[in-house]
Amino acid sequence: MASFDIAWPGVTHVAVTHFHADHWGELPAVIFALRWGAETPRSDRLTLIGPRGFKARLEALCNAFGGWILEPEYPLEVIELAPDDAQEIGPGVLLDCHNTPHTEESLAYSVHDQRGRMVYTGDTGPSPDLANWARGCDLLLCECSLPDDRAIDTHLSPIGAGRLARDAEAAKLVLTHFYPTVEDVDAASIAASQFNGPIVVAADGDTFEVDKSTE
C-alpha cells in the first residue's frame with residue numbers, strides 16, 4: 001500500500017474472507033504496523049471483520065505472537081459474520097456477506113451505498129447462489145485462480161469467472177487472485193466468451209471507482 005501512495009495508516013476496517021494463509025497470513029503485520037509504522041501513534045479504532053471462528057483464530061495468534069494482537073495499544077474491535085449477515089462500516093455504507101463453496105467458513109463480501117455496489121468473491125467455486133446474491137452489482141471483483149484445463153470445484157477459472165459475471169448481470173468484471181498457471185493464458189479473452197461486459201485483469205496498484213453518478 002505504501003508503494004502505491006495509499007494512506008495505509010488511515011485504514012479503518014479489514015475484512016477476512018477465510019482462513020487460508022494467502023488471505024489473512026499478513027494480518028499480524030498489519031496490526032503491528034498500524035501501531036509502530038505510522039509517524040504518529042494510532043488512536044482511531046480498527047475493526048476486524050471475519051467469518052465465524054475469527055475470534056478464536058486471533059486468540060490463537062496471541063499464543064504465537066503475543067497479546068498485542070488483540071491489545072495493540074489502540075482501539076480494536078473484532079466482528080464475526082455469519083452468511084447473509086450485514087455490518088455498517090461507515091455512514092450509509094453497508095458490508096454484507098454470502099457463503100461460497102471453498103472452505104466451510106468462506107465468505108464473499110459486498111460493499112454498497114447509494115452510489116453503487118462492489119462484490120468481492122473471495123475464493124469460490126462455481127455457485128448459482130453466489131451469482132443470485134451478487135446480481136446487479138456495479139463491479140464484480142472475482143477470483144480467477146486456475147486455467148480451465150485445471151478447473152476444480154473450489155476455485156474459478158476464466159470461463160467460470162465469466163459465467164459468474166454473466167449470471168450476476170454485473171456491470172464490470174475485474175479478475176484477480178491468479179495462480180502462476182493461469183498467468184500463461186489470456187484470462188480476459190476467455191472470460192469474454194461468457195460475459196460481454198467490460199473485463200479487467202487486475203494488477204497491483206489498480207484503483208476502480210464505483211459510482212453510478214459518474215456514468
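- By the side-chain hydrogen bond (donor to acceptor under 3.5 Å, both in side chains) test, E73 is found to be paired with R35, residues two or more places apart in sequence or in another chain being considered.
- Under the side chain to side chain contact (heavy atoms under 4.5 Å, CB included) criterion, A29 pairs with no residue, sequence neighbours left out.
- The shortest non-hydrogen separation linking P75 to S43 is CD-O, 3.2 Å.
- Residue pairs meeting the ring-ring contact (aromatic ring centres under 6.0 Å, His included) criterion with at least one partner in residues 69-92, sequence neighbours excluded, are absent.
- Within 6.0 Å of the CD atom in E88, the count of heavy atoms belonging to other residues, nucleotides or ligands exceeds 12.
- For the pair R42 (side chain) and P9 (backbone), a donor-acceptor distance under 3.5 Å is present.
- Rounding to the nearest 0.5 angstrom, the gap separating the CG atom in D167 from the CG atom in N132 is 10.0 Å.
- For residues 190-202, the side-chain hydrogen bond (donor to acceptor under 3.5 Å, both in side chains) pairs, not counting sequence neighbours, are R163-Q194, R166-Q194.
- At distances below 3.5 Å, not a single donor-acceptor pair connects side-chain atoms of T121 with backbone N or O atoms of T124.
- Remark: D22 pairs with H177 by the side-chain hydrogen bond (donor to acceptor under 3.5 Å, both in side chains) rule, at least two apart or across chains.
- In this structure a side-chain-to-backbone donor-acceptor pair under 3.5 Å is missing from E143 to L175.
- Legend: residues meeting side chain to side chain contact (heavy atoms under 4.5 Å, CB included) with I152, ordered by chain and number and at least two apart, are L146, T154, H155.
- Scanning for side chain to side chain contact (heavy atoms under 4.5 Å, CB included) contacts around E169 gives R135, with sequence neighbours left out.
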Show which side-chain atoms of residues 45-64 pair as donor or acceptor with protein atoms under 3.5 Å away, not counting sequence neighbours.
{"unit_1": "T47", "atom_1": "OG1", "unit_2": "E77", "atom_2": "OE1", "d": "3.4"}

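- Minimum interatomic distance between C137 and V119 (heavy atoms only, all atoms of both residues): CB-CG2, 3.8 Å.
- Considering L140, L164, L139 in turn, L140 is the only one that fulfils the side-chain contact (heavy atoms from CB on, under 4.5 Å) rule with L173.
- Note: T176 OG1 to L141 CG = 5.5 Å, rounded to the nearest 0.5 Å.
- Judged as a side chain to side chain contact (heavy atoms under 4.5 Å, CB included), and not counting sequence neighbours, the contacts of S106 are H18, T100, H102, T103.
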Which atom pairs, donor and acceptor, lie under 3.5 Å between side-chain atoms of residues 89-98 and protein residues at least two apart or in another chain?
{"unit_1": "D96", "atom_1": "OD1", "unit_2": "S110", "atom_2": "OG", "d": "3.3"}
{"unit_1": "H98", "atom_1": "ND1", "unit_2": "D84", "atom_2": "OD1", "d": "3.0"}

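- Within the model, atoms CG of L156 and CG of D123 stand 9.0 Å from one another, a figure rounded to the nearest 0.5 Å.
- Using a distance-only test at 3.5 Å, with no hydrogens or angles considered, no donor-acceptor pair links the side chain of W8 to the main chain of D5.
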Check: residues 180-188 side-chain donor-acceptor pairs under 3.5 Å, at least two apart:
{"unit_1": "D186", "atom_1": "OD1", "unit_2": "S189", "atom_2": "N", "d": "3.2"}
{"unit_1": "D186", "atom_1": "OD1", "unit_2": "S189", "atom_2": "OG", "d": "3.3"}
{"unit_1": "D186", "atom_1": "OD2", "unit_2": "S189", "atom_2": "OG", "d": "2.7"}

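- For the atom pair CG (L27) and CZ (F32), the distance works out to 13.5 Å, reported to the nearest 0.5 Å.
- In this structure a side-chain-to-backbone donor-acceptor pair under 3.5 Å is present from Y109 to V16.
- Side-chain N or O atoms of D206 include one that pairs as donor or acceptor with a backbone N or O of A203 at under 3.5 Å.
- S145 contributes atom OG, which lies 9.0 Å from atom CZ of F178 (distance to the nearest 0.5 angstrom).
- D113 is linked by a side-chain hydrogen bond (donor to acceptor under 3.5 Å, both in side chains) to R115, counting only residues two or more places apart in sequence or in another chain.
- Residues V111 and Y120 form no side-chain contact, since every pair of their non-hydrogen atoms from C-beta on lies 4.5 Å or further apart.
- Judged purely by atom type and a 3.5 angstrom limit, D138 has no side-chain atom pairing as donor or acceptor with the backbone of G116.
- The local environment of CZ in F19 is crowded, with over 12 non-hydrogen atoms from other residues, nucleotides or ligands closer than 6.0 Å.
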